[in-house]
Amino acid sequence: MQPDIEIYLLSCPTEKIIAWLNDRFTLLDKQTPSTICTKLVMADKNQVIPVTIIEQAAGKRFTSVLFDTDKTPWDDDISCAKEAYRALQCEIRCNLQSWSEDDNQDPDQWWKINDYEEGPFIWK
């Protein structure tokens, strides 16, 4: 189980992301600490799931969605990315595997899903 889940969405409006999350979970709280950051508290099967959405997180076109808990319905970033792609139909990127400080994983290795392909790639 990963300590958290994070995906990056290309050119996907925050309100569309929030609508997907509202369909998937129960919204308990929503705060907007800045113009590019939205913080949500969601619930799923008695689990509280804090979510942070940050626009322009990777360049001007990518929005980060961070599920800051190990209590999500997904085993890893890729599982979440696949579900988000099916729901939102926008390009999704995520880490190829769970990140940790002790890993020897190449930090440029990512997973990408879009209308044309799905699989590993190097994001620089």
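The minimum heavy-atom distance between Ala81 and Ile92, with the atom names listed, is CB-CG2, 3.5 Å. Pairing each heavy atom of Gln56 with each of Lys60, the nearest pair is CG-O, 3.6 Å. When all heavy atoms are compared, the tightest approach of Val51 to Met42 is CG2-CG, 3.8 Å. Nearest heavy atoms, Cys90 versus Leu10: CB-O, 3.7 Å. Contact record, Ala43 with Phe25: O-CB, 3.4 Å, taken as the closest heavy-atom pair.
Under the 4.5 Å side-chain criterion, counting only non-hydrogen atoms from C-beta, Asp115 is in contact with Gln89. Side-chain contact between Gln109 and Phe121: absent, with no pair of heavy atoms (C-beta onward) separated by less than 4.5 Å. Residues Thr63 and Ile54 form no side-chain contact, since every pair of their non-hydrogen atoms from C-beta on lies 4.5 Å or further apart. In this structure, Leu66 and Asp4 have side chains that are in contact, with non-hydrogen atoms separated by less than 4.5 Å. Using a 4.5 Å cut-off on side-chain heavy atoms (C-beta onward), Pro13 and Lys16 make contact. Side chains of Leu21 and Leu27 form no contact here, defined as non-hydrogen atoms less than 4.5 Å apart. Considering only heavy atoms from C-beta on, Thr52 stays 4.5 Å or farther from Asp68 through its side chain. Side-chain atoms of Cys37 and Ile53, non-hydrogen and from C-beta on, never get closer than 4.5 Å to each other.
In summary, of the residues considered (Trp110, Tyr8, Trp123), a ring-ring contact (aromatic ring centres under 6.0 Å, His included) with Phe62 occurs for Trp123 alone.
The side-chain contact (heavy atoms from CB on, under 4.5 Å) test applied to Ala19 returns no partner, not counting sequence neighbours.
Without hydrogens or angle criteria, Thr32 side chain to Ser34 main chain gives no donor-acceptor distance under 3.5 Å. Counting only distance, with no hydrogens or angles, the side chain of Gln31 and the backbone of Pro33 share no donor-acceptor pair below 3.5 Å.
Put simply, OG1 on Thr26 and CD1 on Ile49 are 9.5 Å apart, with the number rounded to the nearest 0.5 Å. Separation of atoms SG (Cys80) and OH (Tyr85) is listed at 15.0 Å; rounding is to 0.5 Å. We find the CG-SG distance between Asp76 and Cys94 to be 7.5 Å, quoted to the nearest 0.5 Å. Separation of atoms CG (Asp75) and CD1 (Ile78) is listed at 11.5 Å; rounding is to 0.5 Å.
For Glu117 and Lys112, the salt-bridge test passes: some basic side-chain N is under 4.0 Å from an acidic carboxylate O.
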Begin with the C-alpha distance, continue with both residues' side-chain angles, and end with the deciding distance and a verdict on ring pair (Phe, Tyr, Trp, His ring centres under 6.0 Å) for Phe67 and Trp74.
CA-CA 10 Å; Phe67 300 87; Trp74 306 289; 5.0 Å; yes

Test side-chain hydrogen bond (donor to acceptor under 3.5 Å, both in side chains) on Asp77 and Gln2 and set out the steps.
CA-CA 8 Å; Asp77 292 355; Gln2 287 190 203; 2.7 Å; yes

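Applying the salt bridge (charged side-chain N to carboxylate O under 4.0 Å, His left out) test to residues at least two apart or on different chains, none of the pairs has a partner in residues 31-56. Annotation: salt bridge (charged side-chain N to carboxylate O under 4.0 Å, His left out) contacts involving residues 24-34, sequence neighbours excluded, comprise Glu15-Lys30, Arg24-Glu83.
No side-chain donor-acceptor contact under 3.5 Å links Gln47 and Thr69.
Under the 4.5 Å side-chain heavy-atom criterion for Ile, Leu, Val, Met, Phe, Trp and Tyr, Ile5 and Val41 are members of distinct hydrophobic clusters.
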